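Following: one structure in structure tokens, then a few remarks.
All of these numbers come straight from a predicted model, not from anything done at the bench.
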Amino acid sequence: MSRGSNLERVGTFNQAVILDIVRRSDSGVSRVELVQATGLSTQTVSNIVRKLLDLGLINETGKVSGGTGKPRTVLNIDPNSRYAVGIHLDPSVMTFVLLDLSGTVVARSHVSVQAVADPERTIQKMATAMSGLIEEAEVPRERVLGVGIAAPGPIDLQRGVVVGPPLLTGWDRVELRESLGAATGFPVFLDKDSTAATHAELWISENPSAQNFAFIYLGTGLGAGLVADGAVVRGSSNNVGEIGHIATGPGGAKCSCGRNGCVGVSIMPVHLVREAVARGVIDGSFDDADLQGIAARFRQLADQADRGDTRAARILDGAAARLARAVEDVANLMDADRIVFGGPSWSPVSKRYLGILRSALATRLAVGSIHQVELVGSVLGEDIAAIGAGCLVLDHVLSPRPGGLLLEKQSGSAAAAH
Ligand SMILES: [Zn+2]
């Protein structure tokens, strides 16, 4: 099998629709149910199912009897038929996940990023770690469809380039997609970390075409992903969701834009840990270049607050109140019915922040008298950006409306050349 052939799209729109229904069904679907769900003819459904069976993407897993008539054969996705790798490049740690065709994480690993100033070496490290992950999971390489990579924004998606993200020293206009494609031999999809995380959340959503939500991603920085009518909003340059400079009222940390109290800087772990150290809430010195140390101390700060340390709680609660102001604007702007929070800096404070966000926004939202706006933490955990990156690959192959189509380089790319 040549490398490119494993990234073949499933084919027609109807095939993708059927595969998507099979994928989303918990206990499998029959051909009759597929006819009912799609409105396609029995013959068309039957032909498509045959093709998907031949491709090995689905299998027949027994029969069920449904009232009158003969028992129906149930179709399920074959999760082990294809896989995708997702990578999250973060200034302090790289996360790798291997997803099966159902989107389940079958293996994961983390590699700390020390040589951030040297993209070339880091990309080689990525390729090695990725191969290790595939080998350890004992997955045949030809079953891996491709690699998705989530990177901090802004990114130049047309060129597959990371454009000097904050805190990634030396990563100024790095051709990440092409280099990683050359280093791994796989087609590579690139997206912004907050957008990738949004893809992951949409991937697991019930009734995806009815979704209208914002995903608030708390990593080293703050970003948002938006889903309107079931589609991930991308913007003219695929950099939608830069909400870090939304003003949150007087006071607050000094931002790089020259103002005080921008939400991004005000809720960043680096700022909150610095404040906690300065006030003697947590011990020791402060090194703002030690991102792993800051993440650890941020968890410590959250832990102290949870155990009843009122000074620690005051710092975090102040940050949550500022976050609530920004989230209010986002929810009002897009008329969302759900705001989902996630990312590595969300996990330690999720319970505390959710309580504050919910009570702060209970009566403030413009649409509050018309419909509920649900505020929830993502169930996907800290690795959500890496999972979302893997979903970009699966999405490209499986989804009737793949966001991934936009992500291929237009010509001469690794993906197109095969
Ligand atoms: Zn600012």
Side-chain angles (χ1 to χ4, degrees), residues 89-92 150-157 161-169 171-173 191-198 213-228 232-275 288-289 291 294-295 298 315-336 339-346 349 353 356-357 360-361 364-366 373 375 385:
L89 170 67
D90 178 86
S92 65
I155 56 171
D156 182 341
L157 201 61
V161 169
V162 172
V163 189
L167 302 170
L168 271 171
T169 334
W171 284 74
D172 190 24
R173 302 207 70 83
D191 216 335
K192 214 167 72 152
D193 48 13
S194 51
T195 307
T198 308
F213 69 84
F215 187 94
I216 309 292
Y217 183 82
L218 288 85
T220 311
L222 175 73
L226 310 177
V227 171
V232 176
V233 177
R234 309 202 63 93
S236 65
S237 75
N238 297 283
N239 283 297
V240 77
E242 293 295 333
I243 59 168
H245 296 288
I246 293 181
T248 62
K254 180 94 178 163
C255 182
S256 59
C257 72
R259 293 177 298 187
N260 281 79
C262 292
V263 64
V265 67
S266 298
I267 68 160
M268 253 185 184
V270 63
H271 166 68
L272 301 174
V273 169
R274 184 191 292 121
E275 192 180 337
D288 65 358
L291 296 176
I294 286 165
F298 184 59
I315 291 172
L316 293 176
D317 293 356
R322 288 188 183 273
L323 180 61
R325 294 193 190 174
V327 168
E328 179 183 350
D329 289 347
V330 173
N332 284 338
L333 182 69
M334 67 176 296
D335 189 11
I339 309 285
V340 188
F341 299 85
S345 302
W346 168 256
V349 291
Y353 278 23
I356 293 166
L357 287 159
L361 297 182
R364 286 218 308 247
L365 293 173
V373 181
L375 304 175

Going from [atom1] on [X] to [atom2] on [Y], what distance comes out if it is rounded to the nearest 0.5 angstrom?
X	Y	atom1	atom2	answer
Asn239	Lys192	CG	NZ	5.0 Å
Leu218	Tyr353	CG	OH	7.5 Å
Phe341	Phe215	CZ	CZ	9.5 Å
Leu157	Thr195	CG	OG1	9.0 Å
Leu222	Glu242	CG	CD	9.0 Å
Leu323	Asp317	CG	CG	12.0 Å

Donor-acceptor contact below 3.5 Å, side chain [X] vs main chain [Y]:
X	Y	answer
Thr248	Gly261	yes
Lys254	Gly258	yes
Asn260	Gly251	no
Asn332	Ala366	yes

Check the pair Phe298 / Leu316 against side-chain contact (heavy atoms from CB on, under 4.5 Å), numbers first and verdict last.
CA-CA 10 Å; Phe298 184 59; Leu316 293 176; 3.8 Å; yes
Per the side chain to side chain contact (heavy atoms under 4.5 Å, CB included) rule, which among Val263, Leu357, Ile339, Thr198 passes with Ile216?
Ile339
Closest heavy-atom pair and its distance - [X], [Y]:
X	Y	value
Arg325	Pro250	NH1-CD, 4.4 Å
Asp193	Gly153	OD1-N, 4.4 Å
Ser194	Ala224	OG-O, 3.8 Å
Ala360	Ala324	CB-CB, 3.8 Å
Met334	Val227	CE-O, 3.5 Å
Val240	Gly235	CB-N, 4.2 Å

Evaluate the side-chain contact (heavy atoms from CB on, under 4.5 Å) criterion for residues Ile246 and Val330: first the C-alpha distance (whole Å), next the side-chain angles of each, then the deciding distance (0.1 Å), finally the verdict.
CA-CA 10 Å; Ile246 293 181; Val330 173; 4.2 Å; yes
Non-hydrogen side-chain atoms of Met268 and Ile294 separated by less than 4.5 Å:
no
Go through Ser256 and His245 one step at a time and tell me if the side-chain contact (heavy atoms from CB on, under 4.5 Å) criterion holds.
CA-CA 9 Å; Ser256 59; His245 296 288; 4.3 Å; yes
